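Below is one structure; the comments refer to it alone.
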Protein chains: 2
Amino acid sequence: MEKSTKDKILDAALDLMATSGYSGASMRKIASKVGIRESAIYNHFKNKEAIFEEIVRKLFVTAFDDFFKNHPPQIEAIKGKKYLKEFVAAYKLVAFDPKHEKLFRIILIETMHNQKVRKLFLDRFFSRDIKDLSMAFFFMMQHSLIRQEDPHLLAYEFLAPLFSLRLELTLLRMEHEGTTALSTKFERHVDFFWEGIAISSPQA
Amino acid sequence: MEKSTKDKILDAALDLMATSGYSGASMRKIASKVGIRESAIYNHFKNKEAIFEEIVRKLFVTAFDDFFKNHPPQIEAIKGKKYLKEFVAAYKLVAFDPKHEKLFRIILIETMHNQKVRKLFLDRFFSRDIKDLSMAFFFMMQHSLIRQEDPHLLAYEFLAPLFSLRLELTLLRMEHEGTTALSTKFERHVDFFWEGIAISSPQA
DNA sequence: GTCTATACACTGATAGAC
DNA sequence: GTCTATCAGTGTATAGAC
């Protein structure tokens, strides 16, 4: 079962892009890696950007959609802090996974100069994840696990430091610097966050 | 008093870069905007990257260094929440200022493919600002305004959502979408954050 | 020192033959 | 689908005029 030329192009492009950046991954290098001429690529993709849009679309996977599918807030949010811990564990798994790390780098680059990717980025990090998480906080409030607050705000406040950590992680990796010190920060964030919103003394 | 050619090059480059992105600002366009030949640019800058490094270095100003100079934590942190409000007001001023917005866009782009800018970025957003702010939190703790917590962690948790808002703001602007809804989120962040750490009932 | 002229290797992209 | 040939545009370099 031979891979299609189109898939070979995508693989080659992802590889080159991850190591040499967007502009470092020239059409000629991609073509030579696949074993065809540059112009042949244009039979499969409109242009260079189209290649990376497809990479992003294919790999910008539903890492957290999966989490919410397997941990539906309506049922599991009752776990309170434990639920957040599980979310962060899933988040860390993605953040530290080499393949997703590559992708995250590409997304960040492309976000700044490709409108379609930018829209994906905005929708993903500033809408969908927040919407899913805010539902969990809503249920926690209903069960008096946390104090009354706008669920949307809570989700934003919970996710922003995680995103920040992931960004820092990516940049440090690009510098080939250590990231072990970062690892514990994820859990410390949950502890701090929960401390600020939890209802410690039971009340009606 | 005529501007030097070097400054003209920097101005032209910043302008082109802000509207057409890094690769859209070609050496030929920059040169023609200044009124010289491409090759003349190389009398003033080693290469294209050197131009943008200089732009970033010059404009990546000490917007928040200024704040801490005018609002020394050792003296003013006693104001507690009011101090944070003032910081966020300064932060918003920078975030919504057109010139700094341009710069922020360039920095984000360059961070992903220029090591020097990346180092600047890491130092600025993940070290210096946090270090300065953590001192303020340290003093608030000493005055029993907030609960005991790692000042560094507090600074991180306080800054991350602000950075996140600024990023979202920048991306929305690139989409020519409205940002008025974002504006109030800055203040809501301070309210939420303070609620989570403040010592409400006075205690020794 | 500052500019012009010219050249080079490389880029993304297209047209047309097989 | 893939090729060859070719295009304009890019960053960069150097030699030489003023």
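No experiment lies behind these values; they were computed from the predicted model shown.
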Residues at least two apart in sequence or cross-chain that pass side-chain contact (heavy atoms from CB on, under 4.5 Å) with B:Lys79, listed by chain then number, are B:Glu76, B:Lys82, B:Tyr83, B:Glu86

When rounded to whole Å, the CD1 to P distance for the pair A:Ile36 and D:dT4 reads 12 Å

Atom NZ of A:Lys6 and atom P of D:dG1 are separated, to the nearest Å, by 10 Å

Under a 4.0 Å heavy-atom cutoff, the residues of residues 22-32 of chain A touching DNA chain D are none

(message) Angle between ring planes, A:Phe87 versus A:Tyr91, binned at 30° and 60°: parallel, tilted or perpendicular?
(response) tilted

From CD1 of A:Ile41 across to P of D:dT4 the rounded distance in Å is 14 Å

Which donor-acceptor pairs under 3.5 Å do the side chains of residues 164-172 of chain B make with protein atoms, sequence neighbours left out?
unit_1, atom_1, unit_2, atom_2, d
B:Glu168, OE1, A:Tyr156, OH, 2.9
B:Thr170, OG1, B:Arg166, O, 2.9

With sequence neighbours left out, the residues meeting side-chain hydrogen bond (donor to acceptor under 3.5 Å, both in side chains) with A:Lys85 are A:Asp191

Under 3.5 Å, N/O pairs linking protein and nucleotides 14-18 of chain D:
none

Residue pairs meeting salt bridge (Lys or Arg N to Asp or Glu O under 4.0 Å), one or both in residues 36-45 of chain B, sequence neighbours left out, come to B:Arg28-B:Glu38

Quiz item: Would a distance-only check, ignoring hydrogens and angles, find a side-chain to backbone donor-acceptor pair under 3.5 Å from A:Lys81 to A:Trp194?
Solution: no

Quick note, side-chain hydrogen bond (donor to acceptor under 3.5 Å, both in side chains) partners involving residues 18-27 of chain A, not counting sequence neighbours, are none

Rounded to whole Å, the CZ-P distance (B:Arg37 to D:dG11) equals 15 Å

Parallel, tilted or perpendicular: rings of A:Phe104 and A:Phe125 (30°, 60°): perpendicular

Contacts of A:Ser32 meeting side-chain hydrogen bond (donor to acceptor under 3.5 Å, both in side chains) (sequence neighbours excluded), chain-then-number -> none

Ordered by number, residues from residues 10-18 of chain A within less than 4.0 Å of DNA chain C (heavy atoms) are none

Parallel, tilted or perpendicular for A:Phe137 and A:Phe158, by the 30°/60° rule?
perpendicular

Expected list for residues 46-54 of chain A near DNA chain D, using heavy atoms below 4.0 Å, is none

side-chain hydrogen bond (donor to acceptor under 3.5 Å, both in side chains) filter on B:Arg188, not counting sequence neighbours, yields A:Asp150

- Item | CA sep, side-chain torsions, deciding dist, call: A:Asp11, A:Lys3, salt bridge (charged side-chain N to carboxylate O under 4.0 Å, His left out) | CA-CA 10 Å; A:Asp11 286 350; A:Lys3 264 190 179 174; 2.4 Å; yes

Whether B:His44 contacts C:dG1 is assessed here as follows: a side-chain N or O lying under 4.0 Å from the phosphate OP1 or OP2. Is that the case? no

Residues passing the side-chain hydrogen bond (donor to acceptor under 3.5 Å, both in side chains) test with B:Glu175, sequence neighbours excluded, are A:Gln115, A:Arg118, A:Lys119

